[in-house]
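Notes for the one structure printed next.
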Amino acid sequence: MGAYLWNAWSGWLEFTDGGKLVVLFLAAALYLALGRKLRGPQGRLVFYGSIAAVLCIFPVTAAVLMKYQTLFYDYPWIWSYVPLTAVIALGGTVFLTEQCKSWQGIVKKTILVLLCVGLLVLCGGLGRGGADTEAAVREQDQVRDVLETVKESCGEEFCLWAPREILEYTRSLDAGVCLLYGRNMWDAALDAYSYDVYSKETGELYEWMEHLRDYEKETSEAEVRTHVGQAFAMGADCILLPKAEASYQGDILTLAKEGELEVIELEGYYLLKKG
């Protein structure tokens, strides 16, 4: 339960960093609840929205909601219980309607509307995540270039074993590529509704692949032969290994000279195929 509480608190901080629509929602709900006597569906909407928001903000109840929805979803998803847009729209409509009665003249009313729209924009994310988006686009472009080279060497249909940074974008770029394992290998939440698990051997392949970038980790020729051979035995047609400053680079070239593998050097990777 402690992990859920921590995730709820950190999730709230990240959620509010992305924009202040929650603050605008609370202001609208408070304005409607205290300043206006709403009845019928509107009153029930504000009452339900206020209660749901409190449950999502309070860490203990937020943790309960997160546990109910399972780890497949992150903290922001529990806010789907809260009618943010509806309450903000209702509050803004009531506010503008009442204020326009006292603001005489089309110019003043236009200014009031623009001020409200400006407030709504300022409460948004203001482009937050733009830098992350640009970085993701660059990473996708790099992966796309690598995959194109792999296709030229392996054909249109192949099973790929590669580092995590490649596999993260492969299926979104080309759904036809078969993978030895997918994102649910390192993101267990994606298996929230599945009872299928990867084999111990597949997990060991993933760990070995990711540790190849650890310059302080040594790997022997025997390990290279074992893991590469295991991957081919499990159905991989092509293997991408990162060009880390480790001893296994010489082992790969040794295997290639022996004729067991065909090795193609790419920018940042070795592409391995059966010889």
Side-chain angles (χ1 to χ4, degrees), residues 127-191 194 196 198-199 201-215 217 219 221 223-275:
R128 182 182 182 271
D132 295 338
T133 302
E134 292 177 2
V137 170
R138 289 196 298 269
E139 292 175 358
Q140 285 187 355
D141 290 340
Q142 294 172 357
V143 173
R144 183 181 291 105
D145 293 339
V146 172
L147 289 179
E148 289 297 327
T149 304
V150 173
K151 283 184 179 181
E152 293 175 1
S153 302
C154 301
E156 289 296 326
E157 296 184 0
F158 57 89
C159 181
L160 179 65
W161 179 37
R164 173 175 169 174
E165 69 267 15
I166 297 292
L167 300 182
E168 279 187 319
Y169 297 106
T170 297
R171 296 307 294 273
S172 62
L173 294 173
D174 190 341
V177 177
C178 176
L179 304 178
L180 205 59
Y181 50 76
R183 292 179 57 190
N184 55 337
M185 172 62 77
W186 58 85
D187 191 352
L190 297 177
D191 278 336
S194 175
D196 295 330
Y198 287 112
S199 65
E201 292 76 14
T202 306
E204 290 175 350
L205 288 179
Y206 165 73
E207 293 179 359
W208 184 77
M209 174 69 79
E210 298 311 310
H211 283 145
L212 287 180
R213 289 205 180 278
D214 186 352
Y215 297 160
K217 178 180 174 61
T219 185
E221 181 179 339
E223 287 182 331
V224 175
R225 289 179 181 272
T226 298
H227 290 94
V228 170
Q230 182 70 29
F232 281 128
M234 295 175 65
D237 300 306
C238 299
I239 297 175
L240 283 173
L241 295 181
K243 284 185 179 179
E245 295 178 2
S247 60
Y248 78 90
Q249 297 185 49
D251 301 330
I252 292 175
L253 297 179
T254 299
L255 294 177
K257 291 179 181 179
E258 294 176 354
E260 296 186 22
L261 293 176
E262 179 182 349
V263 180
I264 302 174
E265 290 196 41
L266 308 180
E267 184 177 355
Y269 300 95
Y270 287 111
L271 174 60
L272 279 60
K273 300 193 306 178
K274 289 184 179 180

(message) Just to verify, what does Glu265 make a salt bridge (charged side-chain N to carboxylate O under 4.0 Å, His left out) with, not counting sequence neighbours?
(response) Lys243
(request) May I ask you to test the Leu167-Val143 pair for a side-chain heavy-atom distance under 4.5 Å? (result) no
(request) Please name the pair of heavy atoms, one in Met234 and one in Leu180, separated by the smallest distance, quoted to 0.1 Å. (result) O-CD1, 3.9 Å
(message) Does anything in residues 153-164 form a side chain to side chain donor-acceptor pair (under 3.5 Å)? List the pairs, not counting sequence neighbours.
(response) Trp161-Tyr181
(request) Can you sort out the partners of Tyr206 under side chain to side chain donor-acceptor pair (under 3.5 Å), two or more places apart, ordered by chain and number? (result) none
(message) Salt bridge check, Asp141 against Arg138: does any charged N sit closer than 4.0 Å to a carboxylate O?
(response) no
(message) Is there a side-chain contact between Ile239 and Leu271 in this structure, where contact means two heavy atoms from C-beta onward sitting under 4.5 Å apart?
(response) no
(message) Are Tyr269 and Leu241 packed together at the side-chain level, in the sense that at least one heavy-atom pair is separated by less than 4.5 angstrom?
(response) no
(request) Look up atom OG1 in Thr149 and atom NZ in Lys151, then write down how far apart they are to the nearest 0.5 Å. (result) 11.0 Å
(request) Could you tell me which non-hydrogen atom of Phe232 sits nearest to which non-hydrogen atom of Leu272, and how far apart they are? (result) CZ-O, 4.1 Å
(request) Working to the nearest 0.5 Å, report the span between CD of Gln230 and CD of Glu223. (result) 13.5 Å
(request) Output all residues satisfying side chain to side chain contact (heavy atoms under 4.5 Å, CB included) with Glu139, sequence neighbours left out; order by chain, then residue number. (result) Tyr169
(message) If the threshold is 4.0 Å, N to carboxylate O, is there a salt bridge linking Arg144 and Asp174?
(response) no
(message) With heavy-atom distances below 4.5 Å as the criterion, would you say the side chains of Asp237 and Lys273 are in contact?
(response) no
(message) Working to the nearest 0.5 angstrom, can you tell me the gap between Glu201 CD and Thr226 OG1?
(response) 12.5 Å
(message) I'd like to check Ile264 versus Tyr270 (side-chain heavy atoms, cut-off strictly below 4.5 Å). Are they in contact?
(response) no
(request) Could you tell me which residues satisfy salt bridge (charged side-chain N to carboxylate O under 4.0 Å, His left out) with Glu204, sequence neighbours excluded, listed by chain and number? (result) none
(request) Name all residues meeting the side chain to side chain donor-acceptor pair (under 3.5 Å) criterion together with Asp145; count only those two or more places apart in sequence or in a different chain, and write none if there are none. (result) none
(request) Could you pull out all residues at least two apart from Arg171 that satisfy side chain to side chain contact (heavy atoms under 4.5 Å, CB included)? (result) Leu179
(request) Enter the distance from Met209:CE to Met185:CE here, rounded to the nearest 0.5 Å. (result) 11.5 Å
(request) Return the set of residues passing disulfide (SG to SG under 2.5 Å) with Cys159 (not counting sequence neighbours), or none when no residue passes. (result) none
(request) Please round to the nearest 0.5 Å and tell me the distance separating atom CG of Leu147 and atom CD of Gln142. (result) 12.0 Å
(message) Holding to side chain to side chain donor-acceptor pair (under 3.5 Å), I want the full list of residues that pass it with Thr170, two or more places apart in sequence or in another chain.
(response) none
